[in-house]
Student: 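Before I ask anything, here is the structure I am working with.
Treat the numbers as computed from the prediction; the structure is a model and nothing was measured.
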Protein chains: 2
Amino acid sequence: MCSRCNYREILERAGLEATPGRMHVLEVVGSHPAPLSAAEIHRTVNRSRALDRVTVYRILDRLVEKKILQALSLGGRGRLFGLAPNEHHPAHPHFRCARCGGVQCLPPGGVRVDLAGVRRVFAGEIRRVEVQVEGLCANCLQRG
Amino acid sequence: MCSRCNYREILERAGLEATPGRMHVLEVVGSHPAPLSAAEIHRTVNRSRALDRVTVYRILDRLVEKKILQALSLGGRGRLFGLAPNEHHPAHPHFRCARCGGVQCLPPGGVRVDLAGVRRVFAGEIRRVEVQVEGLCANCLQRG
DNA sequence: CCCGTAATGCAACTATGTTGCGTTATGAGA
DNA sequence: TCTCATAACGCAACATAGTTGCATTACGGG
């Protein structure tokens with residue numbers, strides 16, 4: 001997905017060693033067009049290199065903590081992981097098909113959110129807004 | 001939360017028997033100001049009446065299926081359940097504190113979402129849009 | 001080369017949710 | 001009222017997602 005991201009540099013700028021495990025996880029997530037579950041990431045990484053399930057979870061936690069990845073809860077059983085918004089990747093909404101459970105990234109800029117009304121009454125600090133769209137994907141729509 | 005909702009009537013209009021278990025679950029969810037986890041619902045119901053954990057899950061699934069409740073994935077470990085939007089309860093965004101994990105309902109109408117850009121390029125059918133806000137709640141903000 | 005620290009592996013555990021199956025309760029019809 | 005079919009429920013077992021503790025390994029600085 002991202003030929004513009006230098007993963008080694010991203011890791012080192014975040015103060016993390018660019019270990020083979022982290023590089024591999026980051027490449028798998030970054031080269032996939034939609035967010036992936038920890039299990040999928042583990043499976044994919046292990047096709048080319050042995051990496052423990054727990055290690056994958058720890059790498060993911062670390063990368064989310066450093067805001068290199070973002071974790072999404074989209075209605076499936078667990079979290080999904082994708083590249084966090086950065087200079088190359090603007091934030092974008094996510095779509096989840098209610099029938100097949102498939103997840104897609106929607107175009108950035110395709111949604112405008114106006115939070116003025118919330119800010120007027122909400123006493124906390126707003127850091128991030130995530131828009132999730134649910135419906136039927138093109139495939140499931142065709143097949144009835 | 002809702003003195004305007006007649007739970008028995010809601011259940012019967014959905015074609016579900018108004019069993020004590022369902023009534024109780026619905027009262028617990030409906031009278032709480034923020035969405036609850038299945039475990040919290042189970043605990044609360046069992047303070048006044050024995051109801052199996054599995055039965056609670058099955059009741060929740062049934063009520064979500066009939067669109068009486070809605071299930072939310074807000075970044076915690078599991079789903080949270082709240083009353084689905086209806087004539088008395090407009091849809092509203094949800095806030096989750098990144099520090100304490102607490103969840104709040106934000107005012108309806110406080111957010112405007114413009115999906116025109118998505119509809120132009122997305123081939124599927126959009127059924128529901130959920131806006132999730134993350135940040136620090138007023139409490140956590142004070143305590144640093 | 002030695003040492004401290006960070007990363008990894010492995011086993012066990014917790015939390016959340018699901019399935020199968022037998023039992024109980026409820027409402028419709030005889 | 002009695003019988004029966006069906007829906008709801010309880011319980012045990014299982015499945016999935018994620019976490020914790022601790023031992024081992026790898027890496028970089030002296």
Student: Report the distance from atom CG of B/L60 to atom P of D/dC9, rounded to the nearest whole Å.
Tutor: 12 Å
Student: Would you check if the side chain of B/Q132 reaches a backbone N or O of B/S73 as a donor-acceptor pair within less than 3.5 Å?
Tutor: yes
Student: Which nucleotide sits closest to the side chain of B/R58: C/dG9, C/dT19, D/dA17?
Tutor: C/dT19
Student: Among residues 66-82 of chain B, which contact DNA chain C at a heavy-atom distance under 4.0 Å?
Tutor: B/R77, B/G78, B/R79
Student: For A/F81, which of A/L60, A/L72, A/L63 qualifies under side-chain contact (heavy atoms from CB on, under 4.5 Å)?
Tutor: A/L60
Student: Check the distance between C/dA6's C1' and A/I59's CD1 and give it to me in whole angstrom.
Tutor: 12 Å
Student: Nearest 0.5 Å, please: how far is CD1 in A/I68 from CG in A/L16?
Tutor: 5.5 Å
Student: What's the CZ-P distance between A/R53 and C/dA11, to the nearest Å?
Tutor: 12 Å
Student: Please check if B/Y57 and B/L83 belong to a single hydrophobic cluster, counting links between Ile, Leu, Val, Met, Phe, Trp and Tyr side chain heavy atoms closer than 4.5 Å.
Tutor: no
Student: Keeping A/D114 on the side-chain end and B/V113 on the backbone end, is there a donor-acceptor pair under 3.5 Å?
Tutor: no
Student: Expressed as a whole number of angstroms, how long is the span from B/E12:CD to C/dG27:C1'?
Tutor: 13 Å
Student: For A/P20 and A/A38, find the nucleotide of DNA chain D closest to each by heavy atoms; which residue's nucleotide sits nearer the 5' end?
Tutor: A/A38
Student: Distance check needed: D/dC9 P versus B/Y57 OH, whole Å only.
Tutor: 17 Å
Student: Supply the atom-to-atom distance A/I10 CD1 to A/K67 NZ, rounded to the nearest 0.5 angstrom.
Tutor: 15.0 Å
Student: Would you classify B/A50 as touching base, sugar-phosphate or nothing, given that sugar-phosphate means primed atoms plus P, OP1 and OP2, and contacts are heavy atoms under 4.0 Å?
Tutor: sugar-phosphate
Student: Which nucleotide wins on minimum distance to the side chain of A/V54, given the candidates C/dT8, D/dC11, C/dA11?
Tutor: C/dA11
Student: Select base, sugar-phosphate, or nothing to describe what B/R22 touches, counting heavy atoms under 4.0 Å on all strands.
Tutor: sugar-phosphate
Student: Atom CD of A/E17 and atom C1' of C/dG4: how far apart are they, to the nearest Å?
Tutor: 13 Å
Student: Whole angstrom is fine here: how far is it from CD in A/E65 over to C1' in C/dA6?
Tutor: 13 Å
Student: Is a donor on one side and an acceptor on the other found under 3.5 Å between the side chain of B/R22 and the backbone of B/E17?
Tutor: yes
Student: Nearest of C/dT8, D/dT20, D/dA8 to any side-chain atom of B/T19?
Tutor: D/dA8
Student: Nearest whole angstrom, please: distance from the P of C/dA7 to the CG of A/D61.
Tutor: 13 Å
